[in-house]
Amino acid sequence: MRLRGRDALLALVLSLVIPVFCQAQAAGNLPVPVPAGTTVDVLTYGPDDTSLTLKPAEQVAFLFVYAIWDLESDCASTSSGVGRICSLAELVRGVKLPDGETIGLTTDPARDRNYRYDVTIIGDQCIIRALPNDRTRAGFAAIGAPGGFSHSFFINPQGPDLIRAVKITGMGYSGKGFKR
């Protein structure tokens, strides 16, 4: 069997392109990492301040919800934002403020294969949720009015059923999180 020049060139191109394509596909399926230099505090909840340490995938979900909440507050500000609550799609693309600054997420939450994220806007209130794709991870929600900088943060350590969530009384993180 003889290879013609065109066939040999095609075989060479495919042998170079297929591994690169497969690596790119695999990279898209990797879990979203906690940003370098970012640490999540031990969360406390309930009347007796019971603490709960988050798994790495849960830290990512917590940081996304926290970052989205902060960005909603920035968007809803009438003095330094656009004066309204922004959609998750806008925050992923980036929202241009009147002063020319762009705010938004540095990483698209859709890349997180461990969680699904949504923002529901009801009047001047919003609900930001991170729902795990399996029951081995905690579910998170932030609820409130971002323009007034008041909100409540909830967790269900047993999974996605946020009806069973309890309010987090102590939380925070240091580092850049996922905000622009």
Side-chain angles (χ1 to χ4, degrees), residues 26-77 80-81 85-95 97 101-120 126-162 164-180:
N29 289 332
L30 292 175
V32 176
V34 176
T38 300
T39 57
V40 177
D41 295 347
V42 174
L43 304 186
T44 57
Y45 62 96
D48 58 355
D49 283 334
T50 304
S51 66
L52 177 71
T53 304
L54 300 181
K55 302 169 190 168
E58 293 171 337
Q59 290 182 24
V60 166
F62 172 83
L63 287 167
F64 265 130
V65 173
Y66 208 109
I68 293 167
W69 177 264
D70 283 346
L71 291 167
E72 284 289 3
S73 296
D74 292 343
C75 278
S77 170
S80 60
I85 301 175
C86 298
S87 70
L88 187 54
E90 287 177 292
L91 294 177
V92 169
R93 284 192 312 269
V95 180
L97 301 181
E101 180 188 2
T102 300
I103 65 168
L105 296 170
T106 57
T107 303
D108 185 347
R111 287 190 49 227
D112 185 359
R113 66 179 181 188
N114 295 311
Y115 279 84
R116 306 178 308 283
Y117 299 87
D118 61 45
V119 177
T120 303
C126 72
I127 303 168
I128 302 163
R129 298 187 308 166
L131 301 173
N133 290 330
D134 66 52
R135 297 195 171 277
T136 64
R137 296 184 185 94
F140 300 92
I143 302 171
F149 296 96
S150 62
H151 72 288
S152 297
F153 215 100
F154 295 89
I155 185 172
N156 178 4
Q158 276 75 48
D161 182 2
L162 292 177
R164 298 171 189 251
V166 291
K167 189 173 179 179
I168 299 173
T169 58
M171 62 180 168
Y173 72 93
S174 61
K176 294 182 181 170
F178 294 110
K179 281 178 61 174
R180 281 187 192 159

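- Under the side chain to side chain donor-acceptor pair (under 3.5 Å) criterion, Arg116 pairs with Asn133, sequence neighbours left out.
- Put simply, OG on Ser73 and CD1 on Ile85 are 9.5 Å apart, with the number rounded to the nearest 0.5 Å.
- Under the side chain to side chain donor-acceptor pair (under 3.5 Å) criterion, Thr136 pairs with Asp134, not counting sequence neighbours.
- When all heavy atoms of Trp69 and Gly144 are compared, the pair lying nearest together is CH2-C, 3.7 Å.
- Every residue was checked against the side chain to side chain donor-acceptor pair (under 3.5 Å) condition with Tyr173, not counting sequence neighbours, and none meets it.
- The structure places CG of Leu88 at 8.5 Å from CD of Glu72, a figure rounded to the nearest 0.5 Å.
- Two residues are said to be in side-chain contact when any heavy atoms from C-beta on lie closer than 4.5 Å; Cys86 and Asp74 fail this criterion.
- Contact detail for Gly139 and Pro132: the closest heavy-atom pair is CA-CD, 3.7 Å.
- With rounding to the nearest 0.5 Å, the separation of CG in Leu105 from CG in Leu71 is 5.5 Å.
- Ring planes of Phe140 and Tyr115: tilted class, angle from 30 to 60°.
- The heavy-atom pair separating Cys126 from Val119 by the smallest distance is CB-CG1, 4.4 Å.
- Put simply, the side chain of Phe153 does not reach to within 4.5 Å of the side chain of Leu43, judged on heavy atoms.
- Between Ala138 and Glu58, the closest heavy-atom pair is N-OE2, 2.8 Å.
- Side-chain atoms of Thr44 come within 3.5 Å of backbone atoms of Gly170 as a donor-acceptor pair (strictly under, hydrogens ignored).
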Evaluation steps, side chain to side chain contact (heavy atoms under 4.5 Å, CB included), between Asp112 and Asn114: CA-CA 5 Å; Asp112 185 359; Asn114 295 311; 3.4 Å; yes
Check against side chain to side chain contact (heavy atoms under 4.5 Å, CB included), Leu162 and Phe154: CA-CA 8 Å; Leu162 292 177; Phe154 295 89; 5.7 Å; no
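- In this structure, the side chains of Thr102 and Val95 stay at 4.5 Å or more apart for every pair of heavy atoms.
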Test log, rule side chain to side chain contact (heavy atoms under 4.5 Å, CB included), inputs Lys176 and Thr106: CA-CA 10 Å; Lys176 294 182 181 170; Thr106 57; over 6 Å; no
What pairs of donor and acceptor atoms, side-chain ones from residues 59-66 against any protein atom, are under 3.5 angstrom apart with sequence neighbours left out?
residue : atom : partner : partner atom : Å
Gln59   : NE2  : Leu54   : O            : 3.3

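- Every residue meeting the side-chain contact (heavy atoms from CB on, under 4.5 Å) condition with Arg135, not counting sequence neighbours, appears here in chain and number order: Pro160.
- In this structure, Val34 and Pro56 approach most closely via the heavy-atom pair CG2-O, 3.9 Å.
- Contact detail for Lys179 and Ala67: the closest heavy-atom pair is CG-CB, 3.7 Å.
- The side-chain contact (heavy atoms from CB on, under 4.5 Å) test applied to Gln158 returns Asn156, not counting sequence neighbours.
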